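Just the heavy atoms: all of them, side chains too, but no hydrogens, waters or symmetry mates, feed the values below. Here the structure is a predicted model, which means the values were calculated and not measured.
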Amino acid sequence: MKNRFIIPYSVAASILFIFALAFLGINLYSEYEDGIPRTQEIQKQLVMSLKQKIVSKDFSTISECIENYQDFDSLDISCDSTSIFNYSYNGNSRSSTSSLVQPYTDSFSADGRVYRINSTLFLLRPYSIFYYSRISFLIILIVTVITGVLIFYVNSIDSASKYSEEDADETASDEEYFENENDGNINQIESEKNLETSEIQLQQASVQTQNSGSADVQETIAAAPQQPQPAKEETLPSDEIKPLNLAKNNTETPSGLFSPVTGLGWESYLLTRLDNEINRAIASEFDIAVFVIKVPGVERTNPLTAKICEYLSVQFQFKDLIFEYKDDSYVGLKISMTLDQALNFADKLHADINRILENASKCYIGISTRSVRMVTADRILQEADEALKHALTDNDSQIIAFRVNAEKYRKFVETE
């Protein structure tokens with residue numbers, strides 16, 4: 001019965017797997033084959049719309065001519081060799097020699113000016129890949145989960161059946177053993193009874209023989225009292241041997257997750273938490289910003305420090321993302337924040353902290369971000385530190401960010 005169910009299910013699951021892969025491959029192939037006519041039509045419609053609306057040079061007017069930005073890998077519209085509109089799908093122009101994109105160039109004259117349209121359109125659109133892949137993945141995932149549940153269920157039934165058979169065999173053998181053992185015990189008891197009866201008869205015969213002897217001769221045997229044996233002395237452990245008192249380790253370690261003085265995380269936990277957040281950012285493909293905030297001359301016990309720490313807790317939202325750093329600095333982590341967003345956020349921090357200080361000191365901020373890199377916690381913290389050093393010596397700006405050239409970094413990784 002089990003085999004009668006497993007075989008049809010295996011066939012059905014295999015058909016669903018093949019269908020999911022075929023669905024993905026056929027749809028992507030069809031879209032790629034239809035890519036040239038589709039992109040030509042999109043380019044034609046774009047040129048016609050621009051000719052009608054080119055009288056106004058407003059950015060919003062030009063952008064309305066584009067029906068779907070996801071069709072374009074890049075788009076550049078220029079007027080007399082001056083770019084008036086530029087768009088790129090991922091921020092970097094893709095090479096026009098790729099087999100997945102098709103470049104187009106058109107130009108026309110209007111109002112005595114020459115307008116040129118350089119575009120690169122996807123033959124196989126990324127959102128189509130995502131759409132068909134998601135459907136295929138869901139089909140495969142559902143079949144896999146059902147298969148896993150069935151395997152677990154069948155194994156459970158087999159295990160239960162096996163244990164039931166073993167228990168039945170053990171019960172039968174136990175009953176046979178107890179029957180044999182009871183028979184042996186009964187025979188042994190009867191033998192012991194017969195032996196005791198024989199001994200009693202022999203004792204009675206011995207007494208009768210002894211009484212038949214001379215009545216005048218009687219022997220009295222007096223048992224001498226036994227002298228008590230002296231108790232054996234037992235050797236006890238020497239009193240001189242005492243348990244060793246182990247010296248306590250006086251090494252001070254941070255107590256709890258947060259410092260009782262500032263309410264922020266201990267510096268010793270910084271690199272571990274930063275490394276974990278970077279690994280999460282790399283796995284989920286989002287950015288992370290690291291801020292090193294220095295307030296020279298303001299000690300931890302200063303009342304201004306309590307106000308600054310309370311302010312930072314509100315701005316960074318989570319206390320476990322802010323840490324004490326060195327003697328007069330703090331490190332804050334912001335998840336899913338790009339470098340440009342970090343600079344805007346740092347401007348607000350800088351202004352508000354200087355307002356709290358009331359000319360008692362100045363606030364300096366160094367910033368670094370992951371910026372699509374496979375970077376370590378030590379590295380990104382060192383970058384933020386170097387940015388802070390520049391901020392301390394720069395008379396024009398007290399906020400410095402470490403900016404990474406993503407294109408050069410990508411080429412560097414490819415050559416490694």
Side-chain angles (χ1 to χ4, degrees), residues 59 86-93 264-265 270-271 273-275 277-282 284-296 298 304 307-326 328-359 361-410 412:
F59 177 83
N86 186 276
Y87 167 77
S88 179
Y89 180 79
N90 59 356
N92 296 309
S93 297
L264 307 181
L270 169 58
L271 288 178
R273 182 56 187 272
L274 178 55
D275 191 57
E277 293 298 333
I278 289 175
N279 290 336
R280 288 180 53 226
I282 293 172
S284 303
E285 296 184 353
F286 57 76
D287 214 335
I288 180 172
V290 178
F291 298 80
V292 179
I293 304 166
K294 184 178 182 67
V295 186
V298 179
L304 293 175
K307 295 181 179 180
I308 293 173
C309 294
E310 183 179 357
Y311 169 77
L312 291 176
S313 298
V314 173
Q315 295 301 316
F316 284 89
Q317 298 179 349
F318 302 101
K319 290 176 62 177
D320 57 345
L321 294 179
I322 322 169
F323 300 87
E324 296 178 352
Y325 188 58
K326 299 182 180 178
D328 54 3
S329 302
Y330 310 92
V331 172
L333 312 180
K334 268 290 187 181
I335 310 302
S336 297
M337 178 173 281
T338 63
L339 185 59
D340 293 332
Q341 294 171 339
L343 285 170
N344 293 331
F345 182 65
D347 285 334
K348 175 177 172 56
L349 294 179
H350 181 262
D352 292 342
I353 293 175
N354 280 337
R355 195 176 299 114
I356 294 172
L357 291 172
E358 297 179 349
N359 298 324
S361 181
K362 290 184 179 181
C363 172
Y364 300 88
I365 302 177
I367 308 170
S368 182
T369 57
R370 187 178 75 86
S371 301
V372 305
R373 298 176 297 161
M374 303 281 287
V375 66
T376 63
D378 290 321
R379 176 65 182 178
I380 196 170
L381 184 60
Q382 182 184 359
E383 291 172 355
D385 249 340
E386 291 297 325
L388 178 64
K389 291 178 182 178
H390 286 288
L392 290 169
T393 57
D394 194 330
N395 297 326
D396 297 331
S397 176
Q398 296 172 356
I399 302 173
I400 299 293
F402 186 91
R403 184 180 293 274
V404 178
N405 188 316
E407 186 64 24
K408 289 184 178 179
Y409 179 79
R410 189 178 293 109
F412 169 76

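Counting only distance, with no hydrogens or angles, the side chain of T393 and the backbone of H390 share a donor-acceptor pair below 3.5 Å. Side-chain atoms of N354 come within 3.5 Å of backbone N or O of C363 as a donor-acceptor pair. Remark: side-chain polar atoms of T369 are not paired, donor with acceptor, to backbone N or O of T338 under 3.5 angstrom. Checking side-chain atoms of R370 against main-chain N and O of V375 turns up no donor-acceptor pair under 3.5 Å.
The side chain to side chain donor-acceptor pair (under 3.5 Å) test with H350 singles out one residue from K362, R355, Q398, and that residue is Q398. Each of L333, L349, I335 was checked for a side chain to side chain contact (heavy atoms under 4.5 Å, CB included) with F316, and the lone residue meeting it is L349. Just one of I278, I367, L274 meets the side chain to side chain contact (heavy atoms under 4.5 Å, CB included) condition when paired with V290; it is L274. Of the residues K294, K326, R379, the one that meets the salt bridge (charged side-chain N to carboxylate O under 4.0 Å, His left out) test with D385 is K326. When each of F345, Y330, F323, F402 is tested with F291 by the rule ring-ring contact (aromatic ring centres under 6.0 Å, His included), just one qualifies, namely F345.
Taking CZ of R403 as the start and OG of S371 as the end, the distance is 8.0 Å to the nearest 0.5 Å. Taking CD1 of I356 as the reference point, atom OH of Y311 lies at 6.5 Å (rounded to 0.5 Å). Distance CG/N279 to OG1/T376: 10.0 Å, rounded to 0.5 Å.
L270 is listed as a side-chain neighbour of L381, based on a closest heavy-atom distance under 4.5 Å. Contact check for L312 versus I308: side-chain heavy atoms found under the 4.5 Å cut-off.
Considering every non-hydrogen atom in both I399 and A346, the closest pair reads CD1-O, 3.6 Å. What you find for P296 and D328 is that their closest heavy atoms are CA-OD2, 3.4 Å. Residue I293 comes nearest to I353 through the heavy atom pair CG2-CD1, 4.0 Å, listed as atom of the first residue, atom of the second, then distance. For the pair A342 and A289, the tightest heavy-atom approach, listed with the atom from each and the gap, is CB-CB, 4.1 Å.
For F286, the CZ atom counts as densely surrounded, since its 6.0 Å shell holds more than 12 non-hydrogen atoms of other residues, nucleotides or ligands.
Ion pairing between a basic and an acidic side chain is recognised when a charged N comes within 4.0 Å of a carboxylate O; R280 and E277 show such pairing.
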>> With side-chain contact (heavy atoms from CB on, under 4.5 Å) as the criterion, how do K334 and Q341 come out once you've worked through the C-alpha distance, each side chain's angles and the decisive distance to 0.1 Å?
In response: CA-CA 10 Å; K334 268 290 187 181; Q341 294 171 339; over 6 Å; no
> Are E383 and R373 close enough, and set up right, to give a salt bridge (Lys or Arg N to Asp or Glu O under 4.0 Å), and what steps lead you there?
Replying inline: CA-CA 13 Å; E383 291 172 355; R373 298 176 297 161; 2.8 Å; yes
>> For a side-chain contact (heavy atoms from CB on, under 4.5 Å) check, start with the C-alpha distance between D287 and M337, then their side-chain angles and the critical distance, and finish with the verdict.
In response: CA-CA 6 Å; D287 214 335; M337 178 173 281; over 6 Å; no
> How far apart are the C-alpha atoms of K389 and I400, what are their side-chain angles, what is the distance that settles it, and do they pass the side-chain contact (heavy atoms from CB on, under 4.5 Å) test?
Replying inline: CA-CA 9 Å; K389 291 178 182 178; I400 299 293; over 6 Å; no
